[in-house]
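Notes to accompany the following structure.
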Amino acid sequence: MAKPAQGARYRGSIHDHPDFDPSQDAEALYSAMKGFGSDKEAILELITSRSNRQRQEICQSYKSLYGKDLIADLKYELTGKFERLIVGLMRPLAYCDAKEIKDAISGIGTDEKCLIEILASRTNEQIHQLVAAYKDAYERDLESDVIGDTSGHFQKMLVVLLQGTREEDDVVSEDLVQQDVQDLYEAGELKWGTDEAQFIYILGNRSKQHLRLVFDEYLKTTGKPIEASIRGELSGDFEKLMLAVVKCVRSTPEYFAERLFKAMKGLGTRDNTLIRIMVTRSELDMLDIREIFRTKYEKSLYSMIKNDTSGEYKKALLRLCGGDDDAAGQFFPEAAQVAYQMWELSAVSRVEMKGTVRPAGDFNPDADAKALRKAMKGLGTDEDAIINIITHRSNAQRQQIRQTFKSHFGRDLMADLKSEVSGDLARLILGLMMPPAHYDAKQLKKAMEGAGTDEKALIEILATRTNAEIHAINEAYKEDYHKSLEDALSSDTSGHFKRILISLATGNREEGAEDRDQAAEDAQVAAEILEIADTPSGDKTSLETRFMTILCTRSYPHLRRVFQEFIKKTNYDVEHVIKKEMSGDVRDAFVAIVQSVKNKPLFFADKLYKSMKGAGTDEKTLTRVMVSRSETDLLNIRREFIEKYDKSLHQAIEGDTSGDFRKALLALCGGED
């Protein structure tokens, strides 16, 4: 069994089996494989309940007793994913890693993700053992094979990691931290082109403790997390490798939790990744991975494996997982620490928000108006020309085109567009032609029209707009519909949900900095909400009212501090508590506010992903987000989308939409990441 560092708790899910007898186990395995067919249940039961050290003793006893190789017999008797998993468990960790890397660089093409995962996450000692195991198993030099199969800066960083010479001293020099921050900044953000060598040297050699301080200082100095600079300055497999290194420096268990989630989400399972991680982390940090998995994805690793796999393969994976963390909202110290760090990152980050649509250079409203008239005149409509003009002009420029169109032709451009284009494309093009406040007002009006209310649209708009945007929406609503927005909300919603929406619709959120004393008081008030489930309805109403006041009126910087204080007091993340203790539209509204405070571009990335996943597309949500964020933060949303979902927004749109609607959306998207 892998030994934890001195003084550290053992965090693996597999332990040494008590009363272990390798000869007895060897006999049991031989019996399970003897005769016609094999007893797979007996095999998985035995192998998943022994530590790796004990399995090596069983291999030795098997050879002594029967003169046969146990791994060879298992390969013969078992098949598919189950065979790969069981055989992986039978190898020492270093030989398991060596086999994975050999497979990754053999044959046509290279599995770069496997190389990145292993070399970015292993300790110096594990790297040295891997290099020796590779030499022993294949009589080849690992470094030479990696060099022969990779190239460029990606290759250079892999070679640096293969040396296994990362500093391990926990004593950190503040001067060196500042110097590294400056060197990284000058190598990337301040330089025309990028000095990749500096990134390789610092990220490939400094100790984890040192690098964590470098990342903290980098954020304070530049206003950007180091990940944002890496995405902006590097590309391809080199970028992915450096991001993996950063993630492992911050939290190796969190890196693996994310890898496991991505291996199982969506259609199909990446079984090689799932097997590799479950095998190699089962005696190292599986308990930490489980905790963080539940924190980040609101479901246990156990339940996701259970729903995503089948047969003996599933049974074996679940035994390696070691238990089901099904107490929703429950937190362990490791998971709470991750949540706290997420809020800390949100609190100090000063990432510049950027849209994908910018004012066109050499703008000529006269020429654009004539081109649009020509595109709609006569038989047929030139949709390509309409899309090209409207998606490549800022909203202010589109308003000039509308005015010029009316001056030249005595016609209303919006009315002409409405008669010439139809369906999803019409909704998108007409939305782009409206001033932002009038567009939001129309979306709110539509959400409250007819039978039923689109609560999700109401929440999305009112929970994410700034005070200035809310005030403009109120004016636009009054102008367009001759009724106040507050009156409309009052007549179409009820109860606490109505009060939340009306509070948000006043646009009276404080805009100052945090007040630490007040934040501690607010966190205490918020903490009382944990008792909602056990209190009478009167108390529940009171608590929700107080909580509403905090969430709907405090400034974003202040709320970030409140949510950090909340974790300190309770060891819970406020978002998870809301999801656990509340229900319905009130819960959804509060969650939207919290997510917007934490990371607004990520909130919209989630909305876009959900609008396109599964059977059918929610074109209304997709259109609304793409139109309303195109000049605000759609570039940031794109970055969050690819980071969380492992595919670009461009790819998602391309795969889920069609025709002219797709062309227009891709133009707004502004590029492939």
Minimum side-chain heavy-atom gap [X]-[Y] below 4.5 Å:
{"X": "V245", "Y": "M157", "value": "yes"}
{"X": "R281", "Y": "T252", "value": "yes"}
{"X": "R639", "Y": "L635", "value": "yes"}
{"X": "I292", "Y": "F256", "value": "no"}
{"X": "L93", "Y": "L284", "value": "yes"}

Subject >> Passing candidate, salt bridge (Lys or Arg N to Asp or Glu O under 4.0 Å) with D606, options K644, K613, K598 >> reply: K644

**OP:** For a side-chain contact (heavy atoms from CB on, under 4.5 Å) with L161, tell me which candidate from I127, N124, L241 qualifies.
**Re:** L241

**OP:** Cation-pi check, K102 to Y138: give yes when NZ or CZ is under 6.0 Å from the six-membered ring centre and within 45° of the ring axis, no otherwise.
**Re:** yes

Lys/Arg N to Asp/Glu carboxylate O, [X] vs [Y], below 4.0 Å:
{"X": "E100", "Y": "R276", "value": "yes"}
{"X": "K647", "Y": "E654", "value": "no"}
{"X": "K220", "Y": "E217", "value": "yes"}
{"X": "R53", "Y": "E57", "value": "yes"}

Original post:
Within a radius of less than 6.0 Å around OH of Y66, do more than 12 heavy atoms belonging to other residues, nucleotides or ligands occur?
Top reply: yes

Subject >> Q60 atom CD: more than 12 heavy-atom contacts under 6.0 Å >> reply: no

Original post:
Going by distance alone, is a donor N or O of one side chain under 3.5 Å from an acceptor N or O of the other, for Q179 and D175?
Top reply: no

Original post:
From Y218 OH over to I226 CD1, what is the distance, rounded to the nearest 0.5 angstrom?
Top reply: 4.5 Å

Original post:
With no hydrogens and no angle check, is any side-chain donor or acceptor of R55 less than 3.5 Å from a backbone partner on L89?
Top reply: yes

**OP:** Sort out for me which residue in Q126, R91, R122 forms a side-chain hydrogen bond (donor to acceptor under 3.5 Å, both in side chains) with D97.
**Re:** R122

